[in-house]
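Because the structure is predicted, anything quoted here is derived from the model rather than measured. Just so you know, ligand 1 is whichever comes first in the structure, and atom 1 is the first atom listed for that ligand.
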Amino acid sequence: MTTLKQLPKLAIASLGGTVSMRKDLLAGGVKPALGCEKQVAQVPELQAMALLEVETLALLPSASLDFPALLDVFAWAKSQVEAGAVAVILTQGTDSLEETAYFLDLIWPFDAPLVMTGAMRSASQPGNDGPGNLIAAAQVALADTSGGRGVLVVMDDQVHAASRVRKAASLSTSAFKSPSCGPLGLLLEGSVVYHHAIKRKEALPLPLRTDHKVALLESCLGADTDLLMAVTQLGYAGLVIAGFGAGHVSESWSAALGSIASMLPVVVATRTGSGPTARSSYGFVGGEIDLQAKGIHMAGQLCPRKCRILLWLLLASNNQHRLVSWLQ
Ligand code: ASP
């Protein structure tokens, strides 16, 4: 017989997002309304799975989360693990989930899983996916095999690594993908089955400052260099470019980036949404060989948005010299 005492302790917090949203007549659409208690109440099965510690940390659309807010979320999650939680679940909006998950993954020092989930359909919509995603997140969080995998994103019965996942569709319930490598695992009849291992580095040190900025700009056909050249004048501490194809820019951008790279770290990623940047294939001006010769870093597998998160955190703890070892 399972007694309450034997249940593991599971901490769940919500930050807002569609998973917390309900129709609001005045606003003319859905907006955050359900705190964490109410989200958890939609899934009574959770009570039999774990002793729950439930907290509403924010009720925001996820585009309005920011780095200081995430550091507060980290501090709460850390305190829960230190107080005996075997895992932590965060529910939030899906719009920025690929970024928040990677931010937290880079600083998460525990083997205990930090599992993030959300919903593509609000609580007011028929077939809303929030409750199903929440129970799936709990199944993943409580599985012995989930330890040591860092921050995991669970959506639509798939488990994704924070460093690979992206929102690849605006409205579909199967919006989350891990391009190039696929999901880490799947939920089958309530149990998680992992297909891939994940190599994690040690957690990055926590920020010593939060007032610095890293710019992200996309190269596109016929673009001038005015915005690029403004980056240094506007006080940015780093620059990420979502480059063409395998990490390429025009000749004029190559020259501009070369001069910026003598002042601050510049990383070129691919804007394609899948696949790594090249390192030694293209020899034209604006190709990766030229860019690297100018002191610019190639992002490898990291997408532009995750590169910006990485560079921001490295700069925050004066660890920018470790950038290359983090770009895979
Ligand atoms: N559409 C978003 C979501 O799926 C809204 C948000 O990110 O807050 O949650």
**Q.** Atoms of ligand 1 close to Pro61 [distance to a heavy atom under 4.0 angstrom, numbered from 1]
**A.** 8 (O)
(Q) Suppose we measure from atom 4 (O) of ligand 1 to each protein heavy atom; which comes out shortest, and what is that distance? (A) Thr94 OG1, 2.4 Å
Q. Considering all heavy atoms of both residues, which atom of Asn319 and which atom of Pro205 are nearest to each other, and what is their separation?
A. ND2-CG, 3.4 Å
(Q) Suppose we measure from atom 8 (O) of ligand 1 to each protein heavy atom; which comes out shortest, and what is that distance? (A) Ser62 N, 2.7 Å
Q. Are Ser254 and Asp290 close enough that a side-chain donor and a side-chain acceptor fall under 3.5 Å?
A. yes
Q) With backbone taken as N, CA, C and O and side chain as the heavy atoms from C-beta onward, which portion of Ala119 lies under 4.0 Å from ligand 1: side chain, backbone, both, or neither? A) backbone
Q: Would you tell me whether Glu288 and Thr277 have side-chain atoms, one donor and one acceptor, within less than 3.5 Å of each other?
A: no
Q | Criterion side chain to side chain contact (heavy atoms under 4.5 Å, CB included) against Met49, the qualifying member of Leu10, Ile135, Leu7 | A | Ile135
Q: Considering non-hydrogen atoms only, spot the tightest contact between Gly273 and Arg166 and give its length.
A: CA-NH1, 2.5 Å
Q.
So, applying side chain to side chain contact (heavy atoms under 4.5 Å, CB included) with Tyr102, which one of Val165, Leu302, Val151 is it?
A. Leu302
Q) What is the closest protein heavy atom to atom 3 (C) of ligand 1, and at what distance does it sit? A) Thr18 OG1, 2.7 Å
Q.
When you measure from the heavy atoms of Ala63 to every atom of ligand 1, does any distance fall below 4.0 Å?
A. no
Q. Do Gln92 and ligand 1 have an N or O pair less than 3.5 Å apart?
A. no
